[in-house]
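Here's the structure, in structure tokens; my notes come after.
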Number of protein chains: 2
Amino acid sequence: MTEPNNLPSNRSDHASHDESGHEPNGKPFDEAANYSASRYRTPDGAPADIVIFTITSRERGTAKKSLPLRQLEVLLIQRKAWPFQGQWALPGGFSKETETLMDSALRELREETGVADVHIEYYGAYSTPGRDPRGWMISHAFFALVHEHALANRRAADDAADVRLFPIEEALEMNLAFDHREILADALHQIRVKMLTTTIAKSFLPEEFTIGELYQVIEAVVPEFEERNFIRKITSTRSREGIIEEVLDSKGEPKQSNRHSQRAAQLYRFTEYVPRLSIYS
Amino acid sequence: MTEPNNLPSNRSDHASHDESGHEPNGKPFDEAANYSASRYRTPDGAPADIVIFTITSRERGTAKKSLPLRQLEVLLIQRKAWPFQGQWALPGGFSKETETLMDSALRELREETGVADVHIEYYGAYSTPGRDPRGWMISHAFFALVHEHALANRRAADDAADVRLFPIEEALEMNLAFDHREILADALHQIRVKMLTTTIAKSFLPEEFTIGELYQVIEAVVPEFEERNFIRKITSTRSREGIIEEVLDSKGEPKQSNRHSQRAAQLYRFTEYVPRLSIYS
DNA sequence: TTAATAGTGTCTATAAGACAGTATAGA
DNA sequence: TCTATACTGTCTTATAGACACTATTAA
């Protein structure tokens with residue numbers, strides 16, 4: 001809550017967005033011509049940074065079929081230019097006057113991964129003075145959830161040294177450019193909360209998935225998650241009824257998969273329903 | 001997801017925050033001197049707008065003691081100057097280079113209400129091109145939760161016509177300046193979700209409160225809230241244990257209040273504990 | 001004595017939590 | 001036949017949800 005206020009170039013406290021009732025000299029502006037934003041110091045850009053999460057699967061080399069190891073990873077790029085040249089950073093880019101921040105985030109995501117139709121969400125602004133050596137930059141943070149295979153194509157096409165996936169714990173220990181470590185930590189906190197309170201798990205799963213796969217995805221994002229009777233809770237408690245539903249085949253029979261096990265498992269899909277949570281009920 | 005890209009003044013797709021791996025001519029910038037943000041169009045300001053919520057209490061004029069009527073209200077200011085002169089708007093102001101967005105929101109809140117120590121939270125950025133006639137303005141939205149008495153002092157001191165509280169439904173039907181109607185609607189959605197999933201109710205309550213008061217505050221924000229056995233759920237279920245606790249007097253006896261009723265009610269206070277919610281457990 | 005709020009008793013249905021047991025089928 | 005996953009049975013305790021009932025006390 002510090003409030004340094006000693007630079008000559010700053011806009012006064014009162015000549016603001018809301019001049020009404022505060023204009024010190026009592027002289028209202030009557031028309032657009034009288035308004036000049038350029039009298040004041042203005043930002044030097046509006047960057048959008050994206051934390052692109054994915055969950056990678058690695059088959060365990062056991063004799064029998066088994067569940068893959070799943071790991072939460074984040075896409076980082078290695079900077080070629082000043083500032084922070086050579087350091088790893090979140091992908092990002094400057095927003096344009098003619099687009100919304102979401103537009104610019106989507107553009108950046110497409111450039112970085114080639115995908116467009118993914119879960120992407122705005123979650124914060126970073127404005128600490130001096131955070132960017134290039135000037136006054138308020139950065140807008142997004143996170144995106146992308147399927148592993150969507151990134152696999154792209155990684156092969158890129159210069160390998162410049163764009164890479166890192167396990168989340170590893171990324172958090174790196175010396176990232178700007179305040180990207182903080183932005184990344186906040187993104188992780190966001191998806192951990194949302195993984196448990198919304199149905200974003202579907203962004204990491206195929207359309208049709210088994211209960212075991214769903215459980216693994218939750219675990220990959222929230223390591224402390226443990227629910228012994230998971231299958232029963234998610235499939236047969238009234239309060240959660242309708243979050244997921246059984247998939248049936250063309251004959252109306254329950255559709256199953258044995259991709260991870262000898263015994264075939266029922267396939268499910270998410271519905272549109274998202275339950276409302278409350279600490280009071 | 002439109003992406004207009006035909007203005008000459010725009011920064012190119014690739015000369016970005018993350019130039020690495022994308023610089024078309026392959027020529028890296030080596031030092032700060034080579035970098036010039038002013039080559040590109042930059043924002044004309046970074047305003048912060050604050051949705052200041054309060055809950056007003058009005059005594060019902062019954063013969064016996066009774067619960068007050070509580071209503072969720074929002075503070076609006078009437079603009080004196082272009083643009084949107086004379087229209088009602090959210091209080092707000094331009095952020096300075098030397099402060100964070102939170103600093104500028106707190107400064108604005110203090111100017112508007114005289115209070116500083118309140119719950120205030122960032123919840124979004126508004127960037128639709130053309131949303132502000134003064135130029136390229138990405139607005140940062142905060143909401144604040146303030147006690148009624150904190151605003152009462154201030155309202156008396158202000159020019160009465162310029163600053164006022166409006167019931168939330170009424171405010172949503174007004175022709176507000178800029179895109180403030182959308183910003184307000186989003187704020188309302190935010191506090192409705194947070195009222196049920198966090199302990200922000202405490203921002204509208206005295207330190208020590210009765211179950212009836214808590215219930216009323218929740219109702220004022222979330223009209224559809226109904227919980228017949230509320231007292232039992234909040235005081236004697238294991239999973240919610242520790243959200244609130246009984247207040248004891250100096251002798252260690254339960255402390256009670258009869259401010260709203262003949263029969264005295266037990267006083268409670270919030271603890272630090274906030275339960276973690278999950279759709280899967 | 002009554003109105004208005006605060007709280008308890010009690011019943012049924014549902015859910016949580018623990019953990020042992022059965023089911024399946026490819027290697 | 002073994003192994004890894006996918007379930008189901010069963011028991012105890014906790015919670016949800018409904019609703020009738022008692023408690024308190026200033027007006």
Side-chain angles (χ1 to χ4, degrees), chain A residues 57 59-70 196 208-217 219 225-244 246-247 253-268 275-281, chain B residues 57 59-70 196 208-217 219 225-244 246-247 253-268 275-281:
Chain A
S57 294
E59 295 304 325
R60 282 189 282 160
T62 51
K64 311 265 168 159
K65 276 189 187 176
S66 63
L67 290 168
L69 294 173
R70 290 179 202 259
L196 296 180
E208 302 176 355
F209 54 87
T210 68
I211 299 294
E213 290 173 319
L214 172 57
Y215 192 90
Q216 278 200 313
V217 163
E219 261 189 321
F225 182 77
E226 187 185 325
E227 204 55 60
R228 305 289 188 91
N229 289 322
F230 186 63
I231 186 174
R232 227 147 11 181
K233 291 194 127 166
I234 192 71
T235 60
S236 34
T237 60
R238 223 192 191 54
S239 58
R240 276 171 280 266
E241 203 160 41
I243 296 176
I244 62 171
E246 287 193 355
V247 179
E253 296 298 303
K255 193 170 164 191
Q256 306 194 312
S257 155
N258 67 340
R259 52 191 174 233
H260 303 308
S261 60
Q262 316 294 5
R263 176 173 175 178
Q266 178 60 42
L267 288 171
Y268 291 85
R276 302 196 171 279
L277 296 172
S278 166
I279 61 174
Y280 298 117
S281 59
Chain B
S57 293
E59 295 304 325
R60 281 189 284 160
T62 51
K64 312 262 169 160
K65 276 190 186 175
S66 63
L67 291 167
L69 294 173
R70 290 178 202 259
L196 297 180
E208 302 175 355
F209 55 86
T210 67
I211 299 294
E213 290 174 320
L214 172 56
Y215 193 89
Q216 278 200 312
V217 163
E219 262 190 320
F225 182 77
E226 186 186 326
E227 204 55 59
R228 306 287 189 93
N229 289 324
F230 185 63
I231 186 173
R232 231 160 351 194
K233 291 194 125 164
I234 191 72
T235 60
S236 34
T237 59
R238 224 194 191 54
S239 57
R240 275 171 282 265
E241 204 159 40
I243 296 176
I244 62 173
E246 288 193 355
V247 179
E253 296 299 302
K255 193 171 165 192
Q256 305 193 312
S257 156
N258 67 341
R259 53 191 174 231
H260 304 308
S261 60
Q262 315 294 6
R263 177 173 175 177
Q266 178 61 42
L267 288 170
Y268 291 85
R276 302 197 171 278
L277 297 172
S278 166
I279 61 174
Y280 299 118
S281 61

> So which of B/I234, B/I243, B/T235, B/L214 actually passes side-chain contact (heavy atoms from CB on, under 4.5 Å) with B/Y268?
Replying inline: B/T235
> How far apart are the closest heavy atoms of A/N258 and A/A264, and which atoms are they?
Replying inline: CB-CA, 4.0 Å
>> Can you tell me how the ring of A/F225 sits relative to the ring of A/F230, calling it parallel under 30°, perpendicular over 60° and tilted otherwise?
In response: perpendicular
> Expressed in angstrom and rounded to an integer, what is the separation of A/E246 atom CD from D/dC7 atom C1'?
Replying inline: 12 Å
> Between atom CD in B/Q216 and atom C1' in C/dT5, what is the gap in whole Å?
Replying inline: 11 Å
> Between atom CZ in B/R263 and atom C1' in D/dC21, what is the gap in whole Å?
Replying inline: 12 Å
> Please give, in whole Å, the distance from D/dA16 C1' to A/L277 CG?
Replying inline: 16 Å
> Between atom OH in B/Y268 and atom C1' in C/dA6, what is the gap in whole Å?
Replying inline: 10 Å
>> If you apply the rule side chain to side chain contact (heavy atoms under 4.5 Å, CB included), what do you find for A/R276 with B/L196, and how did you get there?
In response: CA-CA 9 Å; A/R276 302 196 171 279; B/L196 297 180; over 6 Å; no
> Using a heavy-atom distance cut-off of less than 4.0 Å, which residues of residues 226-242 of chain B contact DNA chain D?
Replying inline: B/E227, B/N229, B/R232, B/K233, B/T237, B/R238, B/S239, B/R240
> How long is the line joining CD of B/Q266 and C1' of C/dT5, in whole Å?
Replying inline: 15 Å
>> What contact category does A/R259 fall into here, base, sugar-phosphate, or nothing, at under 4.0 angstrom with non-hydrogen atoms?
In response: nothing
>> At less than 4.0 Å, is any side-chain N or O atom of B/R60 found next to OP1 or OP2 of C/dT5? Yes or no.
In response: yes
> Between the axis at one end of the helix from C/dT1-D/dA27 to C/dA27-D/dT1 and the axis at the other (five pairs apiece), what's the angle to 10 degrees?
Replying inline: 0°
> When you measure from the side chain of B/Q262, which nucleotide among D/dT5, C/dA6, D/dA26 comes out closest?
Replying inline: D/dA26
>> Checking B/R232 against B/T237 for the side chain to side chain contact (heavy atoms under 4.5 Å, CB included) test, could you report, in this order, the C-alpha distance in whole Å, the side-chain angles of both residues, the deciding distance, and whether it holds?
In response: CA-CA 7 Å; B/R232 231 160 351 194; B/T237 59; over 6 Å; no
> Does the side chain of B/Q266 reach to within under 4.5 Å of the side chain of B/I211, using non-hydrogen atoms?
Replying inline: no
> How long is the line joining CD of A/E213 and C1' of D/dA6, in whole Å?
Replying inline: 13 Å
>> Let me confirm one number: the NZ-OG distance from A/K233 to B/S278, rounded to the nearest 0.5 Å.
In response: 8.0 Å
> So what does B/L67 hit on the nucleic acid, given a heavy-atom distance under 4.0 Å: a base, only sugar-phosphate, or nothing?
Replying inline: sugar-phosphate
> Between CD of A/Q256 and CZ of A/R263, what distance do you get to the nearest 0.5 Å?
Replying inline: 8.0 Å
> More than 12 foreign heavy atoms under 6.0 Å from CZ of B/R228: is that the case here?
Replying inline: no
>> Please report the distance, rounded to the nearest Å, between CD1 in B/I211 and P in C/dG7.
In response: 7 Å
